[in-house]
Amino acid sequence: MLDFFVDIFIEAGTDTLKLVPFLFLTYVLMEWLEHRTGSRTQAAIRRAGKAGPLLGGVIGVFPQCGFSAAASNLYSGGLITAGTLVAVFLSTSDEMLPIFISEAVPAGTILRILATKVVIGVICGFALDFLYHGILRRQIRYRNIHTMCESEHCKCEEGIFPSALRHTLQITVFIFLITLLLEAVLEGLGEEALSGLLLDQPVIGELIAGLIGLVPNCASSVVITQLYLEQVIGAGPMMAGLLINAGVGILVLCRMNRRRVKQNLGIISYVYLAGVAWGILIDLLHITF
């Protein structure tokens with residue numbers, strides 16, 4: 001039993017430490033914008049955000065969930081659009097790419113999967129921004145960074161680096177505790193149980209893979225990728241789960257944007273439905289990559 005707790009503690013600590021550089025650099029950027037730029041510059045950033053889903057889709061494909069955590073922070077501070085955030089979430093590959101490379105998956109297969117994730121992320125990101133700024137415009141109220149700082153009681157007047165460090169420590173502790181809990185649950189459940197849930201179940205497979213992908217932990221992307229490589233699940237469930245899995249991005253979103261619960265639930269639901277829908281479509285078209 002002691003070995004079990006030691007193992008999950010080490011795993012949770014390792015996963016969390018990987019995020020610290022991303023978190024700190026993101027907060028430094030946000031604090032710099034708050035301290036050194038005026039409202040005109042921040043307004044320009046928001047206007048430039050109209051093309052954000054394209055950039056978000058490309059950046060998100062890098063194999064680190066730190067990018068999704070950074071995007072959640074930027075969205076919570078009002079610096080990127082909801083569509084840009086969604087594009088990052090859907091395209092991020094988390095642990096998929098390192099596993100594919102280590103398993104010697106053909107480069108062509110890897111590139112096709114990554115390209116598909118980028119395209120889907122960009123399409124869904126622009127679609128969400130269209131809805132937000134059109135049909136749902138009246139419900140959107142972008143915040144400035146100072147609003148988020150006040151809610152976090154971060155004492156931004158102390159300076160850029162002390163404030164960024166304070167933000168980083170707060171969210172790192174939060175992520176570690178949640179990751180520790182998730183590691184315990186995933187270790188207790190086991191991969192075989194997940195395999196049984198997904199085996200030979202069209203549509204239901206995508207729905208369940210999507211639920212696994214929602215788990216805010218890189219372990220879920222590892223499980224889904226391994227099940228795909230072992231041919232336990234097909235391309236549809238694999239893509240559904242990996243599209244929806246955004247590492248700790250969703251966790252950071254719920255923490256930093258916690259006063260907007262409905263908004264967070266709307267984004268998470270959109271990501272889930274989009275991932276499942278594309279996974280089912282891939283299954284129907286018999287795409288194997």
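The CZ atom of R260 sits 9.0 Å away from the OG atom of S76 when rounded to the nearest 0.5 Å. Note that CG of L207 and CG of L273 are 9.5 Å apart. Values are rounded to the nearest 0.5 Å.
Take L165 and apply the side-chain contact (heavy atoms from CB on, under 4.5 Å) test, not counting sequence neighbours, and it matches F24, L169. Among residues two or more places apart in sequence or in another chain, the ring-ring contact (aromatic ring centres under 6.0 Å, His included) test is passed with F176 by F9.
Linking ILVMFWY residues whenever their side-chain heavy atoms come closer than 4.5 Å, directly or via other members, leaves L17 and V173 in distinct clusters. Under a hydrophobic clustering in which Ile, Leu, Val, Met, Phe, Trp and Tyr are joined whenever their side-chain heavy atoms come within less than 4.5 Å, directly or via other members, I59 and V88 fall into different clusters. I224 and L229 fall within the same hydrophobic cluster, where Ile, Leu, Val, Met, Phe, Trp and Tyr residues are linked whenever their side-chain heavy atoms come under 4.5 Å apart, directly or through other members. The hydrophobic cluster containing Y272 does not contain L265, counting ILVMFWY residues as joined when their side-chain heavy atoms lie under 4.5 angstrom apart, directly or transitively. By the rule that hydrophobic residues join a cluster once side-chain heavy atoms approach within less than 4.5 Å of another member, L111 and I101 end up as members of separate clusters.
Each of I267, I244, L214 was checked for a side-chain contact (heavy atoms from CB on, under 4.5 Å) with I250, and the lone residue meeting it is L214. None of D283, T288, L281 except one satisfies the side-chain contact (heavy atoms from CB on, under 4.5 Å) rule with L285; the exception is L281.
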Exercise. Is there a side-chain contact (heavy atoms from CB on, under 4.5 Å) between L243 and F89 once you walk through the steps?
Worked result: CA-CA 7 Å; L243 280 169; F89 279 5; over 6 Å; no
Problem set entry | side-chain contact (heavy atoms from CB on, under 4.5 Å) between T84 and L55, intermediate numbers included | CA-CA 8 Å; T84 303; L55 182 61; over 6 Å; no
Exercise. Going through the checks in order, is the side-chain contact (heavy atoms from CB on, under 4.5 Å) test met by T81 and L85?
Worked result: CA-CA 6 Å; T81 66; L85 177 65; over 6 Å; no
Problem set entry | Residues V118, L114; criterion side-chain contact (heavy atoms from CB on, under 4.5 Å); working and verdict | CA-CA 6 Å; V118 170; L114 292 177; 5.5 Å; no
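The nearest pair of heavy atoms linking N245 to T92 is O-CG2, 3.5 Å. For the pair S221 and T225, the tightest heavy-atom approach, listed with the atom from each and the gap, is O-OG1, 2.7 Å. Scanning both residues, R112 and F289, for their nearest heavy atoms gives NH2-O, 3.0 Å. The minimum heavy-atom distance between P53 and G83, with the atom names listed, is CG-C, 3.9 Å. Closest of all the heavy-atom pairs between I8 and L180 is O-CD1, 3.7 Å. Across all non-hydrogen atoms, the minimal contact from C254 to I268 is SG-CD1, 3.9 Å.
Side-chain atoms of K117 come within 3.5 Å of backbone N or O of L90 as a donor-acceptor pair. A donor-acceptor pair under 3.5 Å is formed between the side chain of E206 and the backbone N or O of V203. Under a 3.5 Å cut-off, the side chain of Y75 and the backbone N or O of N257 do not form any donor-acceptor pair. For the pair T109 (side chain) and V105 (backbone), a donor-acceptor distance under 3.5 Å is absent. S68 contributes a side-chain N or O that, together with a main-chain N or O of A246, makes up a donor-acceptor pair within less than 3.5 Å.
In this structure, R258 and L253 have side chains that are not in contact, with every pair of non-hydrogen atoms separated by 4.5 Å or more. For the pair Y228 and M239, the minimum side-chain heavy-atom distance is 4.5 Å or more.
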